[in-house]
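Note that these values count all heavy atoms, side chains included, but never hydrogens, waters or copies made by symmetry. Letters go in sequence order (proteins before strands), and every chain restarts at 1.
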There are 2 protein chains.
Amino acid sequence: MNEGVEWALHSCLNLAWIGGERAVTAARLAAYHELPAAYLNKQLQALSRAGIVSSVSGPKGGFRLARPLDRITLMDVVTAIEGPEEAFRCTEIRRQGPGAAPAGPDAPRCAIAGAMGKAELAWRRALADQTLDDVRERAEAQAPGAPDRIRRWFAGM
Amino acid sequence: MNEGVEWALHSCLNLAWIGGERAVTAARLAAYHELPAAYLNKQLQALSRAGIVSSVSGPKGGFRLARPLDRITLMDVVTAIEGPEEAFRCTEIRRQGPGAAPAGPDAPRCAIAGAMGKAELAWRRALADQTLDDVRERAEAQAPGAPDRIRRWFAGM
DNA sequence: GCAGCACTACTCGGATATGAAGTGTCCGAGTACTAAAGG
DNA sequence: CCTTTAGTACTCGGACACTTCATATCCGAGTAGTGCTGC
């Protein structure tokens with residue numbers, strides 16, 4: 001899985017803790033975790049295209065969350081970064097070679113693809129059932145001082 | 001996800017339909033679906049290392065299932081081909097940069113990694129709950145003639 | 001005729017090329033602020 | 001003093017290199033069969 005997913009998730013949480021009144025530049029978000037700024041910018045662009053964050057150009061520009069955390073699921077972020085295609089893609093090799101199934105275009109779905117798809121559906125469902133707000137809540141329970149520390153760093157610099 | 005997973009799953013089912021009295025070469029299995037033989041051989045080697053199939057060198061050599069289908073789960077095959085590492089790997093970026101959490105080595109798990117891990121666990125559980133025998137059963141229900149066709153092709157050539 | 005043995009043919013196994021995709025970087029398009037100039 | 005306007009600095013957005021991993025291939029190690037040789 002793409003490493004940008006992790007960066008995007010952390011950045012979204014950071015954006016939420018900072019507060020939405022002011023846009024935050026990709027360079028700031030990157031500096032906070034010592035990430036390559038231009039590449040994080042690329043990931044944030046993907047989030048922007050997916051409507052998860054909104055972007056503003058120019059001075060005082062940057063990114064901010066497009067909607068509250070409880071309306072952003074993990075699935076949204078993963079899809080925005082990784083793309084919508086399934087991890088297991090059936091190439092229908094049963095139709096190739098001397099053993100090609102003679103069935104027509106209305107053939108039932110490949111049983112293997114069905115089984116793998118069932119597992120992937122469970123994964124997607126688990127991702128869609130968790131919002132970023134759930135994650136934030138657990139993170140704050142683990143580190144109550146984090147939100148203030150983050151807000152202060154982004155405000156002070 | 002690696003394309004070899006699909007090939008490995010189909011090959012395992014084919015091996016089961018052929019029957020275990022005779023080993024089948026990688027070239028034969030590949031020809032049946034017009035796959036590159038040497039590369040399929042590589043995937044079968046991975047299955048062999050995982051103990052899913054057993055391999056025999058030399059003339060009359062080849063591969064055969066090491067245990068019945070109902071003792072092989074989808075998880076086994078995926079792990080054999082893709083490796084045991086998780087798809088989402090947390091790089092602990094929360095520890096990097098000016099906002100590094102000051103916690104010691106006994107810090108709780110990153111909330112983001114926990115949430116992603118929960119989804120991945122659902123995926124792995126769904127894979128582990130399905131055996132290749134379940135898949136075979138469904139495949140035969142869809143295409144009752146397939147087993148005989150496969151057995152005949154591999155025997156006749 | 002039979003046992004032993006060297007040889008050949010065949011297959012797996014891992015080491016070796018190739019290509020695509022993820023990773024990282026750079027420059028142009030666009031915008032808000034600044035400041036100077038004119039009325 | 002206020003308005004207008006040109007300029008400037010800053011940021012996103014997409015186009016351009018580089019690195020890593022999946023894909024594909026090839027050759028050596030090892031084995032079973034085969035046929036020949038010698039007894």
Per side-chain contact (heavy atoms from CB on, under 4.5 Å), Val24(A) is matched among Asn14(A), Val53(A), Leu15(A), Leu44(A) by Leu15(A)
Q) When you check the phosphate oxygens OP1 and OP2 of dG13(C), does a side-chain N or O of Ser55(B) lie under 4.0 Å from one of them? A) yes
With heavy atoms under 4.0 Å as the rule, sort Ala26(B) into base, sugar-phosphate or nothing.
-> sugar-phosphate
Rounded to whole Å, the CD-P distance (Gln45(A) to dT11(D)) equals 15 Å
- request: Test salt bridge (Lys or Arg N to Asp or Glu O under 4.0 Å) on Arg124(B) and Glu120(B) and set out the steps.
  value: CA-CA 6 Å; Arg124(B) 296 190 117 85; Glu120(B) 194 156 336; 2.8 Å; yes
Separation of dC10(D) atom P from Phe63(A) atom CZ, nearest Å, is 18 Å
Those residues at least two apart in sequence (or on a different chain) that pass side chain to side chain donor-acceptor pair (under 3.5 Å) with His10(A) are none
When rounded to whole Å, the CG to C1' distance for the pair Leu40(B) and dA24(D) reads 12 Å
- Task: Start with the C-alpha distance between Arg89(A) and Glu85(A), add both sets of side-chain angles, then the distance that settles salt bridge (Lys or Arg N to Asp or Glu O under 4.0 Å), and finish with yes or no.
- Result: CA-CA 8 Å; Arg89(A) 59 222 134 114; Glu85(A) 62 276 359; over 6 Å; no
A correct 5'-to-3' footprint of nucleotides 17-24 of chain C, with B, S and - meaning base, sugar-phosphate only and no protein heavy atom under 4.0 Å, is ------BB
Side-chain heavy atoms of Met1(B) within contact of Met116(A), under 4.5 Å: yes
> Taking the side chain as C-beta and beyond, is there a heavy-atom pair between Asp76(A) and Thr73(A) under 4.5 Å?
Replying inline: yes
Sorted by position of nearest nucleotide on DNA chain C, 5' first, the leading residue of Ala38(A) and Pro59(A) is Ala38(A)
TODO: Measure up the Tyr39(B) and Trp7(B) rings against each other and bin them: parallel (under 30°), tilted (30 to 60°), perpendicular (over 60°).
DONE: perpendicular
Taking for Gly58(A) and for Val24(B) the nucleotide of DNA chain C with the nearest heavy atom, the one nearer the 5' end belongs to Val24(B)
Taken to the nearest whole Å, CZ/Arg28(B) to P/dC12(C) is 11 Å
Ile81(B) CD1 to dC21(D) C1', in whole Å, measures 16 Å
To the nearest angstrom, the CG-P distance between Leu15(B) and dC12(C) comes to 11 Å
Side-chain contact test, heavy atoms from C-beta onward, threshold under 4.5 Å: evaluate it for Asp148(B) versus Trp17(B) and give yes or no. no
Picking from dG14(C), dC12(C), dG30(D), the nucleotide nearest the side-chain atoms of Arg49(B) would be dG14(C)
Asn41(A) CG to dT25(C) C1', in whole Å, measures 12 Å
Pairing string of DNA chain D (Watson-Crick or G-U wobble, both atom distances under 3.5 Å; | = paired to other strand) is |||||||||||||||||||||||||||||||||||||||
Q.
Using side-chain hydrogen bond (donor to acceptor under 3.5 Å, both in side chains), reason through Gln45(A) and Ser55(A) one step at a time and then give a plain yes or no.
A. CA-CA 8 Å; Gln45(A) 285 173 33; Ser55(A) 65; over 6 Å; no
